[in-house]
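Residue numbering restarts at 1 for every chain, and letters A, B, ... go by the order of the sequence lines.
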Protein chains: 2
Amino acid sequence: MSDTASRPTLEAVAARAGVSRATVSRVVNGSDGVREPLAERVRQAVEELGYVPNQAARSLVTRRHDAVAVVIAEPEARVFADPFFALQLRGISQELTAHDSQLVLLLTEGRGDHTRVGRYLAGGHVDGALVFSLHLDDPLPGLIRRAGVPTVFGGRPGWSDDADGIVYVDSDNRGGAREAVRHLVGLGRTRVAHISGPLDQTSAADRLDGYRDVMADADPRLVAESDFTHAGGERAMRELLDRCPDLDAVFAANDLTASGALRVLRERGLRVPEDVAVAGFDDMLPVAEQTEPPLTTVRQDIEEMGRLMARLLLRGLDRRGPGPRTGGQDAPDGPDGPSGIVLPTTLVRRASA
Amino acid sequence: MSDTASRPTLEAVAARAGVSRATVSRVVNGSDGVREPLAERVRQAVEELGYVPNQAARSLVTRRHDAVAVVIAEPEARVFADPFFALQLRGISQELTAHDSQLVLLLTEGRGDHTRVGRYLAGGHVDGALVFSLHLDDPLPGLIRRAGVPTVFGGRPGWSDDADGIVYVDSDNRGGAREAVRHLVGLGRTRVAHISGPLDQTSAADRLDGYRDVMADADPRLVAESDFTHAGGERAMRELLDRCPDLDAVFAANDLTASGALRVLRERGLRVPEDVAVAGFDDMLPVAEQTEPPLTTVRQDIEEMGRLMARLLLRGLDRRGPGPRTGGQDAPDGPDGPSGIVLPTTLVRRASA
DNA sequence: GTGAAAGCGCTAACAC
DNA sequence: GTGTTAGCGCTTTCAC
């Protein structure tokens with residue numbers, strides 16, 4: 001109802017304030033070196049005209065975008081049943097906001113999408129990328145490397161070759177798993193089973209390793225691979241009970257899986273924790289606190305993981321500054337081998353074990 | 001490791017192909033009118049150089065951004081416990097992707113963020129916006145209106161004045177609620193309680209209205225306001241049982257709330273559905289299928305809602321085309337009153353009622 | 001059909 | 001300190 005045409009430009013503000021475009025630009029960008037009486041006049045003109053800088057024009061010259069891509073490469077529906085994803089986004093969003101950066105969300109479903117994402121990243125729309133949920137055979141890392149976009153990975157990437165300069169943030173999956181299994185063993189359990197996640201993801205593989213660290217020579221039939229979902233947890237639990245009716249504890253790779261296991265145990269008339277003790281991983285509150293009984297689980301601070309990833313990326317970006325790509329390793333942290341930050345986990349005891 | 005400097009420009013491609021920049025631009029943008037031998041040469045040069053257009057430069061002249069903002073204004077943690085949010089994003093993402101548009105996610109936490117979002121939208125970074133989770137007193141609609149950005153709202157907005165040209169997509173909350181309550185009544189229940197959502201959201205208010213449509217002269221103590229969370233559902237259920245120990249059915253405003261109610265009922269030794277029948281709303285599978293017993297609930301197709309919103313917005317954008325703002329109502333659907341699309345709901349019967 | 005040239009709105013040297 | 005100027009990479013008239 002108000003403006004008839006396009007938004008005011010720097011030029012307009014300059015005219016109104018009776019100064020040059022450069023001066024307005026300086027004031028708007030907070031660069032000091034504009035004397036007070038003038039600066040105030042400019043600020044006023046900006047206010048009166050409702051001036052907002054045109055980001056496209058600015059990006060064109062600065063080569064900065066104040067935007068970061070978040071790539072979630074999860075073809076399975078899993079992401080959408082698990083609050084995991086939302087929590088990470090929240091952490092990331094908080095950090096980016098504090099840094100005046102925008103969050104561009106790239107969700108991929110299936111292989112075709114990868115080239116789209118690759119093209120987008122290569123297109124120089126964003127200053128950096130945060131990438132999640134990689135599977136071992138994922139083509140994305142290659143595309144990203146070629147795109148030359150500074151990137152921080154969520155979770156330890158699964159490939160080892162060509163990993164120089166890769167930066168990632170992960171939870172101590174192995175250590176956390178070890179702690180959970182030790183806790184079960186400490187309860188006097190000897191037939192501890194494990195329902196793993198999809199083993200082409202490092203988080204799942206690492207948790208399995210943690211389990212094995214403690215149960216070194218356990219019956220291999222005590223391990224069932226699953227997929228981090230509730231339904232998958234049910235399936236795996238049935239399998240395990242059929243194979244090993246004498247199991248007395250289960251360590252599930254995440255809380256959703258654990259909740260599936262709980263349901264099957266109840267179905268079969270087994271009491272938790274009396275007959276079978278159960279532990280999960282994540283401490284996803286809406287899941288872990290609401291199972292019957294509430295779940296003993298390994299807490300990881302998902303939101304903090306998100307924040308940390310963003311912080312790491314932004315720090316790297318600030319260091320290298322804008323301007324043309326430097327070529328070579330474009331990880332924000334320099335070319336000295338893969339550098340990962342591993343966040344600690346803590347065991348949360350509830351009624352299930 | 002490959003490129004030493006910045007990415008190739010149109011100029012570079014033109015040089016390589018031995019044509020002018022204009023011609024390359026035409027080929028790249030699929031505008032016909034370039035003869036075949038030439039066009040092919042250009043395509044080859046593009047390929048060889050790995051040319052990707054610079055979006056900032058393009059936007060500067062076209063005033064299109066091929067990006068849409070998704071604003072989720074939910075200060076409460078609720079969004080992060082409920083898969084709702086993820087599902088909508090997925091629907092939106094699919095549709096935007098198909099339209100070669102990017103998704104810029106704007107999460108707000110608390111009031112301070114609103115001005116940030118307003119500024120961003122006003123900044124002309126995006127072609128349009130999809131806005132969710134508005135509460136009655138939300139300042140965002142005003143900001144958006146002033147920003148003049150084409151917008152589609154998710155859920156019926158709560159204000160009525162100045163609502164011309166507003167476009168929204170909603171579920172048939174009232175009708176769905178009515179159906180659920182009728183179902184409970186059809187089961188022979190006479191003391192049907194309702195746990196509502198926060199009544200400053202139209203979805204909650206509409207579901208309450210639907211309940212009242214059927215239970216016109218029910219005891220007002222059979223209604224408790226809650227907040228769409230599991231914990232809130234527990235609290236409200238306790239309240240209701242204390243007030244009306246003789247209730248024989250509960251219609252909860254969403255599945256999460258219903259799951260809280262179920263837990264309290266179990267706690268109190270009441271059998272579901274024998275003593276108390278329970279119905280929810282949403283049909284959020286990870287919740288509704290995993291409660292004990294599984295939940296009878298009203299299904300709404302969240303993902304489709306997201307897709308529809310995106311489609312509506314993009315259609316509007318295509319119609320009005322790029323270029324400077326037209327002024328006045330900037331809703332994509334013309335200035336003829338608020339136009340809403342209301343999606344149907346369906347009752348899903350499971351064991352709880 | 002194709003090329004030349006004029007900006008889109010902004011920042012960053014460089015003068016003054 | 002402040003203004004002048006030259007582009008950033010692209011699209012788009014307008015000639016040819």
Side-chain angles (χ1 to χ4, degrees), chain A residues 3 5-43 45-46 49-66 122-125 127 321-325, chain B residues 3 5-43 45-46 49-66 122-125 127 321-325:
Chain A
D3 54 356
S6 52
R7 302 201 327 271
T9 70
L10 246 205
E11 183 85 50
V13 178
R16 175 153 199 135
V19 298
S20 74
R21 274 149 58 207
T23 299
V24 179
S25 176
R26 286 177 190 119
V27 172
V28 167
N29 292 298
S31 104
D32 36 39
V34 179
R35 280 220 188 75
E36 208 20 84
L38 253 199
E40 183 50 31
R41 240 174 45 224
V42 171
R43 265 180 248 114
V46 166
L49 266 45
Y51 169 74
V52 185
N54 177 323
Q55 181 66 33
R58 176 182 278 172
S59 290
L60 188 54
V61 36
T62 59
R63 287 151 187 297
R64 280 195 123 260
H65 303 269
D66 294 315
H125 303 253
D127 301 321
R325 295 274 147 59
Chain B
D3 54 356
S6 50
R7 302 200 328 270
T9 70
L10 247 205
E11 183 83 51
V13 178
R16 175 152 199 135
V19 298
S20 73
R21 273 148 58 206
T23 300
V24 179
S25 176
R26 287 178 189 119
V27 172
V28 168
N29 292 297
S31 103
D32 37 39
V34 179
R35 281 221 188 72
E36 208 20 83
L38 253 200
E40 183 50 31
R41 243 180 34 230
V42 171
R43 266 181 247 113
V46 165
L49 265 45
Y51 169 74
V52 185
N54 176 322
Q55 181 66 32
R58 176 181 279 172
S59 290
L60 189 53
V61 35
T62 59
R63 288 152 187 295
R64 279 195 123 262
H65 303 269
D66 294 315
H125 304 252
D127 301 321
R325 295 275 148 59

Relative orientation of the end axes in the helix from C:dG1-D:dC16 to C:dC16-D:dG1, expressed as an angle to the nearest 10° (five pairs per end):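 Taking the rotation axis at each end, their angle is 40°.
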Determine: side-chain N/O of B:Ser25 to OP1/OP2 of D:dC10, distance under 4.0 Å, yes or no. no
Under 4.0 Å between a side-chain N or O of A:Arg58 and OP1 or OP2 of C:dT11?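 Indeed, a polar side-chain atom of A:Arg58 lies that close.
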Evaluate the side-chain contact (heavy atoms from CB on, under 4.5 Å) criterion for residues A:Thr9 and A:Asn54: first the C-alpha distance (whole Å), next the side-chain angles of each, then the deciding distance (0.1 Å), finally the verdict. CA-CA 8 Å; A:Thr9 70; A:Asn54 177 323; over 6 Å; no
Atom-pair distance ([atom1] on [X]; [atom2] on [N]), nearest Å:
X: A:Leu60; N: C:dC10; atom1: CG; atom2: C1'; answer: 8 Å
X: A:Leu49; N: C:dG9; atom1: CG; atom2: P; answer: 14 Å
X: A:Arg64; N: C:dA12; atom1: CZ; atom2: P; answer: 11 Å
X: B:Arg63; N: C:dC8; atom1: CZ; atom2: P; answer: 8 Å
X: A:His65; N: C:dT11; atom1: NE2; atom2: C1'; answer: 15 Å
X: A:Gln55; N: C:dC10; atom1: CD; atom2: C1'; answer: 10 Å
X: A:Arg41; N: D:dT2; atom1: CZ; atom2: C1'; answer: 12 Å
X: B:Leu10; N: D:dC8; atom1: CG; atom2: P; answer: 13 Å

Under the 3.5 angstrom rule, does the side chain of [X] hit a backbone N or O of [Y] as a donor-acceptor pair?
X: B:Asp127; Y: B:Asp66; answer: yes
X: A:Arg7; Y: A:Tyr51; answer: no
X: B:Ser59; Y: B:Gln55; answer: yes

Answer with yes or no whether A:Arg26 presents, from its side chain, a donor or acceptor under 3.5 Å of a partner atom in the base of D:dG3.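 Yes.
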Got a sec, which residues hit salt bridge (charged side-chain N to carboxylate O under 4.0 Å, His left out) with [X], two or more places apart in sequence or on another chain?
X: B:Arg43; value: B:Glu36, B:Glu40
X: A:Arg58; value: none
X: B:Arg41; value: none

If you take all heavy atoms of A:Val27 and A:Ala39, which pair is closest and at what distance?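 Looking at all heavy atoms of both residues, the shortest contact is CG2-CA, 4.1 Å.
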What one should report as the nearest heavy-atom pair of B:Leu60 and A:Ala57 is CD1-CB, 3.5 Å
Could I get the full list of ring pair (Phe, Tyr, Trp, His ring centres under 6.0 Å) partners for A:His65, not counting sequence neighbours?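 Checked A:His65 against ring pair (Phe, Tyr, Trp, His ring centres under 6.0 Å); zero matches.
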Go through [options] for me and flag the one nearest to the [X] side chain.
X: A:Thr62; options: D:dG9, C:dC10, C:dA12; result: C:dA12
X: A:Val61; options: D:dT12, D:dT2, C:dG9; result: C:dG9
X: A:Asn54; options: D:dT2, D:dT11, C:dC10; result: C:dC10

Between A:Tyr51 and B:Ala39, which is nearer to the 5' end of DNA chain C once each is assigned its nearest nucleotide? B:Ala39
Pull out every residue in residues 11-24 of chain A that has a heavy atom closer than 4.0 Å to any atom of DNA chain C, ordered by number, or say none. A:Arg21, A:Ala22
